[in-house]
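Since the structure comes first, as structure tokens, the remarks are kept for the end.
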Amino acid sequence: QTAEDSRVLLEQLQAEAVPLKEAYLVSLNGATEFSDAMHVLRDSLSNTVVQTVQKLVRPLPVVETLFAALMLLIRDSSAPALSDAELAWRTGGKRLCADPVRFRGQLQA
């Protein structure tokens with residue numbers, strides 16, 4: 001390649017990098033907001049609240065969805081994917097709430 005070819009290639013890469021950087025910054029901001037929200041959630045959950053939620057036979061759909069999302073977020077990334085049955089309230093949600101201290105610790109990580 002000539003110096004001119006290298007210069008043109010560099011300019012193209014720089015131009016392509018701008019929208020990638022912008023997308024990265026938007027994602028980073030969203031991740032920061034999510035992390036902050038998780039800390040607020042963790043700090044507002046007392047052991048009593050978690051135990052009360054665990055006793056629910058059939059919580060509102062929004063609660064089931066929230067706990068399914070939490071299970072996906074706090075699971076070990078090297079673990080196999082969770083099945084629909086494991087994400088169901090009767091199995092996964094109640095299990096997640098079984099140890100409130102551990103649950104709050106998982107939210108902190």
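Within the structure, every pair that satisfies the side-chain hydrogen bond (donor to acceptor under 3.5 Å, both in side chains) test and touches residues 51-65, not counting sequence neighbours, is listed here: Arg58-Glu64. Among residues at least two apart or in separate chains, there is no salt bridge (Lys or Arg N to Asp or Glu O under 4.0 Å) pair with a member in residues 44-53. Residue pairs meeting the ring pair (Phe, Tyr, Trp, His ring centres under 6.0 Å) criterion with at least one partner in residues 47-67, sequence neighbours excluded, are Phe67-Trp89, Phe67-Phe103. Judged as a side-chain hydrogen bond (donor to acceptor under 3.5 Å, both in side chains), the pairs with a partner in residues 8-26 (not counting sequence neighbours) are, in order, Arg7-Glu11.
When side chains are defined from C-beta on, Asn47 counts as touching Arg104, because their heavy atoms get closer than 4.5 Å. Contact check for Leu73 versus Leu107: no side-chain heavy atoms found under the 4.5 Å cut-off.
Thr48 meets the side chain to side chain donor-acceptor pair (under 3.5 Å) test with no other residue; sequence neighbours excluded. Residues forming a side-chain contact (heavy atoms from CB on, under 4.5 Å) with Ser6 (at least two apart in sequence, or on another chain): Gln1. The side-chain contact (heavy atoms from CB on, under 4.5 Å) search around Asp99 returns Val101, Arg102, not counting sequence neighbours. By the side chain to side chain donor-acceptor pair (under 3.5 Å) test, Thr2 pairs with Asp5, sequence neighbours left out. Taking the side-chain contact (heavy atoms from CB on, under 4.5 Å) definition, one finds that Asn29 meets it with Glu33, sequence neighbours left out. For Leu82, the side-chain contact (heavy atoms from CB on, under 4.5 Å) test picks out Met71, Leu72, Arg75, Glu86, Leu87, with sequence neighbours left out.
Clustering ILVMFWY residues whenever any of their side-chain heavy atoms sit less than 4.5 angstrom apart, transitively, puts Leu45 in the very cluster that holds Val62. Linking ILVMFWY residues whenever their side-chain heavy atoms come closer than 4.5 Å, directly or via other members, places Leu60 and Leu70 in the same cluster.
The hydrophobic side chain of Val18 is isolated, with no ILVMFWY side chain under 4.5 Å apart from it.
Leu96 approaches Gln106 most closely through the heavy-atom pair CD1-OE1, 3.6 Å.
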